[in-house]
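Notes follow the structure.
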Amino acid sequence: MAQQPAYPFLPDPVEVGRLYDRYTDLGSATLGESLHFGYWDTPDSTVPLAEATDRLTDLMTDRLAIGHGARVLDLGCGTGAPGTRIARRTGAQVTGISVSGRQVERANALSASLGLADRARFEHADAMDLPFAEDSFDAVIALESIIHMPDRAHVLGQVARVLRPGGRLVLTDFFERAPIPDSGRAAVDRYLREFLMTMIQAEDYPPMLRRAGFRFEELTDISDPTLRRTFVELSARIGGSADALSEAHGADLVEQFDPHDMIDVAEFGHLLVVATRNGK
């Protein structure tokens, strides 16, 4: 099957970097410092968004199966909140990369403020051309970052090169749970276009991973209540602080896209993928 649906646009790493250079501060004010979706056990859970985003980081970290001193690559590190959390929870040595200079700056500042500069460092790099030697890492995590990359198969090949045999990859991605109806297509297309993303079919992952040199381990739909609840929280935060957000750098993105439009698009999904690099 095709690697991803045919959209009239593909993300360009340079443009994605520029997007996050101007969107990161606004994203932190709305989505939170982790800059990714939350994870709730049940739809009626009272866990706040900040804790729910930490839960998703922890859920993925646990699947990395790492311990003290492990070398972890955070592929698309955001402002460093997930990477520093991984370093503190596991004792791992974390290297994070982003195509946004603003994110790298903030991530290194966060690491230093937490006294983790020796265990969590962040640098400007593109996942399409990883600047690391073969077998450099014991594990790779990608929290909602592969959605911004123009060629998932190529990125997986890059990850396989820098990941040691037996090392684990854990990522989240957006996917079509079912054909998106006309009633939701405009909202989905606008969301993907404005934030420079694409989505995939879940069944494409196992063969794509095998071709890249991975053994497929897990493919789990974590859409409910993860996506819907996060969109609800985002919509409420934006609506409740519209005046303050209007002054934020990148606020035009809020004007172009209302997350409330995505709440009822149940066909838009959130996928958890786990794989192990082939070899011993």
Side-chain angles (χ1 to χ4, degrees), residues 24 28 31-41 47-98 100 103-125 127 130-146 155-156 158-172 214-215 217-218 220 222 226 272-280:
T24 290
S28 296
L31 191 55
E33 287 303 321
S34 290
L35 290 179
H36 63 72
F37 283 74
Y39 180 82
W40 291 266
D41 297 326
V47 170
L49 178 60
E51 184 176 339
T53 55
D54 284 344
R55 283 186 172 191
L56 182 56
T57 299
D58 294 348
L59 179 79
M60 296 176 67
T61 302
D62 291 345
R63 282 164 166 76
L64 292 177
I66 54 174
H68 185 83
R71 303 159 299 167
V72 178
L73 175 61
D74 182 359
L75 204 71
C77 61
T79 58
T84 52
R85 185 173 179 85
I86 293 168
R88 282 188 295 177
R89 282 188 75 227
T90 68
Q93 296 283 335
V94 177
T95 299
I97 66 164
S98 173
S100 165
Q103 288 192 337
V104 171
E105 175 187 352
R106 286 191 53 176
N108 280 314
L110 174 63
S111 182
S113 72
L114 296 172
L116 294 170
D118 61 332
R119 289 198 285 126
R121 62 182 181 85
F122 304 91
E123 57 187 84
H124 190 278
L130 291 174
F132 307 110
E134 294 181 5
D135 305 343
S136 294
F137 297 98
D138 300 300
V140 178
I141 189 169
L143 277 144
E144 291 159 31
S145 58
I146 203 166
V155 170
L156 292 176
Q158 285 286 298
V159 171
R161 179 181 63 80
V162 303
L163 184 61
R164 67 164 175 81
R168 302 191 68 142
L169 165 67
V170 181
L171 63 85
T172 49
F214 287 95
R215 182 173 69 253
E217 300 282 354
E218 179 184 353
T220 302
I222 58 171
T226 300
L272 174 67
V273 181
V274 182
T276 301
R277 163 86 190 281
N278 289 332
K280 296 182 180 180

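Note that the structure is predicted; figures quoted are calculated from it, not measured. Computation of the quantities below employed the complete heavy-atom set of this structure, encompassing side-chain atoms and omitting hydrogens, waters and symmetry-equivalent molecules.
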Query raised in the report: So which heavy atom on T79 is nearest to which on L110, and how close?
Result: O-CD2, 3.7 Å
Requested in this report: Walk me through it: do V104 and N108 pass the test side-chain contact (heavy atoms from CB on, under 4.5 Å)?
Outcome: CA-CA 6 Å; V104 171; N108 280 314; 3.6 Å; yes
Report task. Could you grab the distance from atom CD of E144 to atom CG of L56, nearest 0.5 Å is fine? Result -> 6.5 Å
Query raised in the report: What's the verdict on side-chain contact (heavy atoms from CB on, under 4.5 Å) for I86 and I66, showing C-alpha distance, side-chain angles and the deciding distance?
Result: CA-CA 10 Å; I86 293 168; I66 54 174; 4.1 Å; yes
Query raised in the report: Between CD of Q93 and CG of L116, what distance do you get to the nearest 0.5 Å?
Result: 10.0 Å
Query raised in the report: Rounded to the nearest 0.5 Å, what separation is found between the CD1 atom of I146 and the CG atom of L171?
Result: 5.5 Å
Query raised in the report: Going from CD on E123 to OG on S98, what distance comes out if it is rounded to the nearest 0.5 angstrom?
Result: 11.0 Å
Report task. Answer yes or no: is there a side-chain heavy-atom contact under 4.5 Å between E217 and R63? Result -> no
Report task. Tell me, with the steps shown, if V170 and L272 meet side-chain contact (heavy atoms from CB on, under 4.5 Å). Result -> CA-CA 7 Å; V170 181; L272 174 67; 3.9 Å; yes
Report task. Measure the shortest side-chain to side-chain distance between L49 and W40 over non-hydrogen atoms and say whether it is less than 4.5 angstrom. Result -> yes
Query - Heavy-atom closest pair, residues L130 and Q158 - result: N-OE1, 2.7 Å
Query raised in the report: Under the salt bridge (charged side-chain N to carboxylate O under 4.0 Å, His left out) criterion, do R89 and D54 qualify, and how do the steps go?
Result: CA-CA 11 Å; R89 282 188 75 227; D54 284 344; over 6 Å; no
Report task. Applying salt bridge (Lys or Arg N to Asp or Glu O under 4.0 Å) between D135 and each of R164, R71, R277, report the one that passes. Result -> R277
Report task. Identify whether the distance between the nearest side-chain nitrogen and carboxylate oxygen of R85 and D74 falls below 4.0 Å. Result -> no
Query raised in the report: Are F132 and T95 close enough that some pair of their side-chain heavy atoms sits under 4.5 Å apart?
Result: yes
Requested in this report: Of all the heavy-atom pairs spanning P82 and C77, show the shortest one and how long it is.
Outcome: CD-O, 4.3 Å
**Report entry** Chi angles and distances behind the side-chain contact (heavy atoms from CB on, under 4.5 Å) call for I222, F37
**Finding:** CA-CA 11 Å; I222 58 171; F37 283 74; over 6 Å; no
Query raised in the report: Looking at A117 and A112, what are the two nearest heavy atoms and their distance?
Result: CB-CA, 4.3 Å
Query raised in the report: If only atom types and distance count, is the side chain of R88 paired as donor or acceptor with the main-chain N or O of L114 below 3.5 Å?
Result: no
Query raised in the report: Should L156 and L169 count as side-chain neighbours, where that means a heavy-atom distance under 4.5 Å?
Result: yes
Query raised in the report: Would you call V159 and L73 a side-chain contact if the rule is heavy atoms closer than 4.5 Å?
Result: no
Query raised in the report: For G279 and P165, which heavy atoms make the closest approach, and how far apart are they?
Result: C-CB, 3.6 Å
Query raised in the report: Would you call T84 and V94 a side-chain contact if the rule is heavy atoms closer than 4.5 Å?
Result: no
Report summary line: Rounded to the nearest 0.5 Å, the OH atom of Y39 sits from the OG1 atom of T172 at a distance of 12.5 Å
Query raised in the report: Hey, what do you get for CG (L64) to CE (M60), rounding to the nearest 0.5 Å?
Result: 7.5 Å
Query raised in the report: Looking only at heavy atoms, what is the nearest atom pair of A92 and V72, with distance?
Result: CB-CG2, 3.8 Å
